[in-house]
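Below: the structure, in structure tokens.
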Amino acid sequence: MTATLPETSTTLPETSATRPETSATPPGTAERPTATDGAVRRGELAAFLRSRRERITPEQVGLPRGARRRTPGLRREEVAHLSAVGVTWYTWLEQARDIRVSPQVLDAVARGLQMDRAERAHLFALAGAIDPVRGKECTGVPLPMRLLLDQLAPFPAVIQNSRFDILAYNSTYGRLLCDLDALPEEDRNCLWLAFTDEQWRASLVDLDETLRVMAAKFRASMADHVAEPAWKAMVARLEAASPQFREIWARQEVVRPVSHSKLFRHKDVGLLRLSSTGLWTGPKHGPRMLTYTPEDDESRERLERLQELVRAEG
């Protein structure tokens with residue numbers, strides 16, 4: 001029996017399974033830099049989390065300091081408690097372990113460590129994840145673009161992304177369909193409002209067709225973002241809130257955005273016949289500016305009256 005073992009072992013080096021990995025992966029291939037890049041990112045993420053943890057005092061988060069605290073800021077277990085995540089899981093993050101972290105965990109940690117918008121964006125960038133929560137600020141809209149929006153009044157104008165999030169708007173658009181200023185930031189989404197806000201829905205003359213087209217546009221845009229948490233969260237939120245959305249979404253309709261006439265019924269100024277035009281503000285399928293110009297003199301006069309009403313209010 002022992003005499004046959006050497007014979008078997010001598011054949012093993014000849015098989016592909018026993019050849020050194022380096023012989024199958026020549027230097028300079030993409031595999032080695034990818035692994036290195038992952039390790040660097042994990043190290044940077046660990047250092048960033050430690051720095052954020054150490055800058056927060058227990059008093060800032062309502063915890064007792066205690067008499068024997070050696071940590072300059074919070075302890076790891078305190079961060080885990082504040083973030084409602086496991087202590088072991090958070091410890092592994094600070095140890096740069098090779099683990100998969102969900103956007104939900106990153107969101108909880110960012111909240112627990114009281115990160116501002118810039119810090120939060122940096123956290124998700126280091127983790128290579130998509131932030132599922134849109135920021136409270138109108139992002140990606142520089143001041144010159146906002147000034148341009150204001151100069152277009154009384155013509156309504158808005159900047160939105162492909163998910164229908166409203167990023168910025170001028171005064172007349174802010175009162176065109178409802179009082180946008182009165183809504184929380186997370187509800188300022190055209191698709192959400194079209195299916196859930198009664199005043200917005202009442203302003204759409206051809207409601208059923210508008211809803212069908214908007215859902216189809218959203219599905220077409222989502223093809224480029226199908227795995228991103230923010231997009232999936234929007235669909236889940238709409239399905240939970242609107243039986244009408246669930247029925248339309250199940251049709252699997254797809255249509256690309258086009259410019260065409262719009263009919264709005266404003267509660268104070270009456271029927272508005274407007275022509276919408278979309279202008280990309282960056283790479284296609286990113287943010288774009290939508291402008292609404294009157295198709296007749298009557299609509300122009302009514303837009304001017306709407307602007308006067310807005311000025312009188314503010």
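Basis for what follows: all heavy atoms, side chains included, without hydrogens, waters or symmetry-related copies. Values in this document were obtained by computation on a predicted structure and should not be read as measured data.
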Student check: side-chain heavy atoms of Leu123 and Leu49 closer than 4.5 Å: yes
Verdict with supporting geometry, Phe264 and Leu204, side chain to side chain contact (heavy atoms under 4.5 Å, CB included): CA-CA 5 Å; Phe264 299 120; Leu204 300 173; 3.8 Å; yes
Under 3.5 Å donor-acceptor, Ser242 side chain and Leu238 backbone: no
From NZ (Lys262) to CG (Leu274), nearest 0.5 Å: 10.0 Å
His266 NE2: over 12 foreign heavy atoms closer than 6.0 Å: yes
Euclidean distance, Leu309 CG relative to Glu304 CD, rounded to 0.5 Å: 12.0 Å
Sole residue of Arg75, Arg76, Arg52 in salt bridge (charged side-chain N to carboxylate O under 4.0 Å, His left out) with Glu94: Arg76
Check against side chain to side chain contact (heavy atoms under 4.5 Å, CB included), Phe164 and Lys217: CA-CA 10 Å; Phe164 287 111; Lys217 287 180 180 179; 4.1 Å; yes
Cluster companions of Leu143 among Ile, Leu, Val, Met, Phe, Trp, Tyr (side-chain spacing under 4.5 Å): Leu147
Verify same cluster id: Leu272, Leu207 (apolar side-chain graph, 4.5 Å): yes
Residue pair Leu279, Arg288: steps toward the side chain to side chain contact (heavy atoms under 4.5 Å, CB included) verdict: CA-CA 5 Å; Leu279 305 171; Arg288 63 174 181 155; 6.0 Å; no
Check: Arg120 side chain, Leu106 main-chain N or O, donor-acceptor pair, under 3.5 Å: no
Gap separating the CG atom of Asp150 from the CE atom of Met145, nearest 0.5 angstrom: 12.5 Å
Atom CD of Glu209: over 12 foreign heavy atoms under 6.0 Å: yes
Arg97 CZ to Trp89 CH2 distance, which is reported to the nearest 0.5 Å: 11.0 Å
Shared hydrophobic cluster for Leu271 and Phe155 (ILVMFWY, side-chain gaps under 4.5 Å): no
Side chain Asp296, main chain Arg273, donor-acceptor under 3.5 Å: no
Common cluster, Val87/Leu93, ILVMFWY with side-chain heavy-atom separation under 4.5 Å: no
Shared hydrophobic cluster for Leu290 and Val205 (ILVMFWY, side-chain gaps under 4.5 Å): no
Close aromatic pair by centroid cut-off 6.0 Å: Phe218 and Trp231: yes
ILVMFWY cluster, Leu263 and Tyr173 together (side-chain gap under 4.5 Å): no
Atom pair CZ (Arg201) and CG (Leu177), whose distance is rounded to the nearest 0.5 Å: 12.5 Å
Option among Thr293, Thr172, Thr291 that satisfies the side-chain contact (heavy atoms from CB on, under 4.5 Å) test with Leu152: Thr291
Minimum side-chain heavy-atom gap Cys190-Ile166 below 4.5 Å: yes
Separation between CG of Asp268 and CZ of Arg305, rounded to the nearest 0.5 Å: 9.5 Å
Donor-acceptor under 3.5 Å (Arg188 side chain, Leu183 main chain): yes
Trp249 CH2: over 12 foreign heavy atoms closer than 6.0 Å: yes
Within-4.5 Å side-chain heavy-atom neighbours: Met234 and Met222: no
Sub-4.5 Å side-chain heavy-atom contact between Arg212 and Asp208: no
Arg219 vs Glu253 side-chain heavy atoms within contact, under 4.5 Å: no
